Amino acid sequence: MFKVHAIAPHRMPELLQAMPKAELHIHIEGSLEPEMIFALAQRNGVQLPYANVQALRAAYAFSNLQSFLDLYYAGASVLLHEQDFYDMAWAYFERAKSDGIVRAELFFDPQTHTARGVAMGAVMEGLSRACADAHSRLGISADLILCFLRHLSEEDALETLEEALPWREHFIGVGLDSSEVGHPPEKFARAFSRARALGLHVVAHAGEEGPPAYVWRALDVLKVERIDHGVQSIHDAALMQRLVDTQMPLTVCPLSNLKLCVFKQLSDHNLGQMLDAGVRATINSDDPAYFGGYLLENYLQTFAALQLGAPQAYRLAANSLEASFASEDDKHRWMHELKLVFERFAEHD
Ligand code: ADE
Ligand code: ZN
């Protein structure tokens, strides 16, 4: 066991930035900043129902997941060409670099684009070119996870998966996102079974707003390798035990939960309790352009609100690296670097 030494509170922000981290729950369309939405609208001749950047940003006051999704899909309507997808992802990677991210697994929603007549190839090639450049130019290891929109039918999901197969080498897994309540995991049993047969990784949003039963079914029916969000699991003791026993990773998104009113205040968030219980939780940004912060900001605000310290910082960073779908070699290298960072901060304390 690696011994984590205490670190002075005033040095925590610097530590949180410096420690190598993975981001495992970021919807790349949720990284579209209002400025880029307007720039792409102008470039592509798309009309927006907002007068300017300020008016759009002012609309970012959400009462629940659906109120956000309505705006999020409207924002994505400016994405038409391969270069648009590249530019969006590249802007995220530059931010990721400054936040100390060494590994990023990007969710993307092809149905949001193909339903508007955008070619699957434009989405796939723009995003995968940005991932390749993130690796060669920024040293960030990056891969794509194709998400099915759960408010659409399973047939639509199955067709989308087949349509994406010419680009099979460009994505490593599938996920399940969009409106949760009323669209339980088992609705997508066949789509996930097909994805697993293709050798893809499988993850799903569950227990963001939906009940613990949705987390159970994501595990038992979809056979997911990680649960996205999962914060409602805390209301089911047997489920918590299962998550701990199997060390199932949870990709928790604190600022998202705050902005979508899952918790009233950040200090009410259950991440600290999850970690104390032995759940393999991670911190992620979800849709950073909409929720007021990228990954480092999520760490900073959560650590301040929940009064977390160096042991939790080490656990969260280690959980993120270990729960990633990167190679074992990469994971070992990052874990070594993580330990060096903690030793460096302890020595100077
Ligand atoms: N799509 C983008 N962000 C999402 C979230 N937080 N939950 C479900 N679907 C999403
Ligand atoms: Zn999400």
Side-chain angles (χ1 to χ4, degrees), residues 25-32 46 62 64-80 84-85 88 105-124 126-127 144-168 170-198 200-211 213-215 217-219 221-224 226-230 251 253 256 260 286-287 290:
H25 186 159
I26 156 90
H27 302 264
I28 198 59
E29 294 92 346
S31 74
L32 258 187
V46 174
F62 312 115
N64 56 25
L65 174 59
Q66 194 59 50
S67 65
F68 153 71
L69 289 171
D70 294 342
L71 216 77
Y72 162 84
Y73 295 127
S77 70
V78 300
L79 297 160
L80 296 184
D84 304 337
F85 290 92
M88 169 175 68
E105 297 180 5
L106 273 50
F107 292 148
F108 69 110
D109 291 338
Q111 289 155 297
T112 301
H113 313 301
T114 53
R116 296 180 289 114
V118 174
M120 181 68 85
V123 182
M124 289 290 186
L127 295 178
L144 298 171
I145 296 178
L146 183 161
C147 284
F148 302 126
L149 297 180
R150 69 201 304 158
H151 67 271
L152 301 179
S153 69
E154 185 178 44
E155 279 64 39
D156 206 314
L158 281 160
E159 281 166 24
T160 300
L161 182 53
E162 296 309 312
E163 197 186 339
L165 287 186
W167 294 273
R168 168 67 185 85
H170 289 322
F171 60 105
I172 60 165
V174 301
L176 186 62
D177 65 4
S178 189
S179 321
E180 185 183 10
V181 175
H183 302 284
E186 62 270 25
K187 177 178 166 187
F188 294 90
R190 287 181 306 142
F192 272 66
S193 166
R194 171 85 179 121
R196 292 196 314 272
L198 288 162
L200 288 157
H201 289 292
V202 289
V203 300
H205 284 52
E208 177 182 15
E209 289 183 341
Y214 283 22
V215 179
R217 290 184 226 144
L219 296 170
V221 181
L222 303 185
K223 305 189 191 317
V224 296
R226 297 194 300 242
I227 293 286
D228 296 313
H229 292 293
T251 64
C253 308
S256 164
L260 300 187
D286 207 7
D287 300 282
Y290 292 89

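Values below: every heavy atom of this structure, side chains too, minus hydrogens, waters and symmetry copies. Please read all numbers here as calculations on a predicted model, not as lab measurements.
Using a distance-only test at 3.5 Å, with no hydrogens or angles considered, no donor-acceptor pair links the side chain of Ser193 to the main chain of Ala189. The main-chain N or O of Ala76 is never found under 3.5 Å from a side-chain atom of Glu29 such that the two would form a donor-acceptor pair.
Counting heavy atoms from C-beta outward, Arg116 and Leu80 have side chains that approach closer than 4.5 Å. Contact annotation: the side chain of Leu176 never approaches that of His183 to less than 4.5 Å [non-hydrogen atoms, C-beta and beyond]. Proximity of Phe192 to Lys223: side-chain heavy atoms (C-beta onward) are nowhere separated by under 4.5 Å. A 4.5 Å side-chain heavy-atom check between Ile145 and Val203 finds at least one atom pair inside the cut-off. The shortest distance between side-chain heavy atoms of Leu79 and Val118 does not fall below 4.5 Å. In this structure, the side chains of Leu165 and Leu198 come closer than 4.5 Å at one or more pairs of heavy atoms. The shortest side-chain heavy-atom distance between Leu260 and Glu208 falls under the 4.5 Å cut-off. Considering only heavy atoms from C-beta on, Ile28 comes within 4.5 Å of Leu127 through its side chain.
Among Val224, Leu200, Leu222, the one residue that satisfies the side chain to side chain contact (heavy atoms under 4.5 Å, CB included) test with Val174 is Leu200. Each of Tyr290, Phe68, Phe108, Phe107 was scored for a ring pair (Phe, Tyr, Trp, His ring centres under 6.0 Å) with His27, with one residue passing: Phe107.
Atom OG1 of Thr160 sits about 11.5 Å away from atom NE2 of His113, to the nearest 0.5 Å. Atom CG of Leu69 and atom OG of Ser179 lie 5.0 Å apart (nearest 0.5 Å). Here the CZ atom belonging to Phe148 is positioned 4.5 Å from the CG atom belonging to Leu161, to the nearest 0.5 angstrom. Once rounded to the nearest 0.5 Å, the distance linking CG of Leu146 with CG of Leu106 reads 12.5 Å. How far CG of Asp287 is from CD1 of Ile26: 7.0 Å, rounded to the nearest 0.5 Å.
Of all the heavy atoms in Asp177 and Cys147, the pair that sits closest is OD2-CB, 3.5 Å. The two residues Tyr214 and Gly182 make their nearest non-hydrogen contact at OH-N, 3.2 Å. Closest approach of Ala206 to Ile227, counting heavy atoms only: O-CG2, 3.6 Å. The shortest non-hydrogen separation linking Ala164 to Met124 is CB-CE, 3.5 Å. Between Pro184 and Arg217, the shortest heavy-atom distance links the atoms CB-NH1, 3.9 Å. Residue Gly75 comes nearest to Leu32 through the heavy atom pair O-CD1, 3.7 Å, listed as atom of the first residue, atom of the second, then distance.
Aromatic pair His205/His229: ring centres closer than 6.0 Å.
Evaluation of the side-chain contact (heavy atoms from CB on, under 4.5 Å) rule for Arg190 yields Glu154, Glu155, Leu158 as partners, not counting sequence neighbours. Not counting sequence neighbours, the partners of Leu152 by the side-chain contact (heavy atoms from CB on, under 4.5 Å) test are Gln111, Leu149, Asp156.
Donor-acceptor pairing under 3.5 Å is lacking for the side chains of Thr112 and Tyr72. No side-chain N or O of Glu105 forms a donor-acceptor pair with one of His201 less than 3.5 Å apart.
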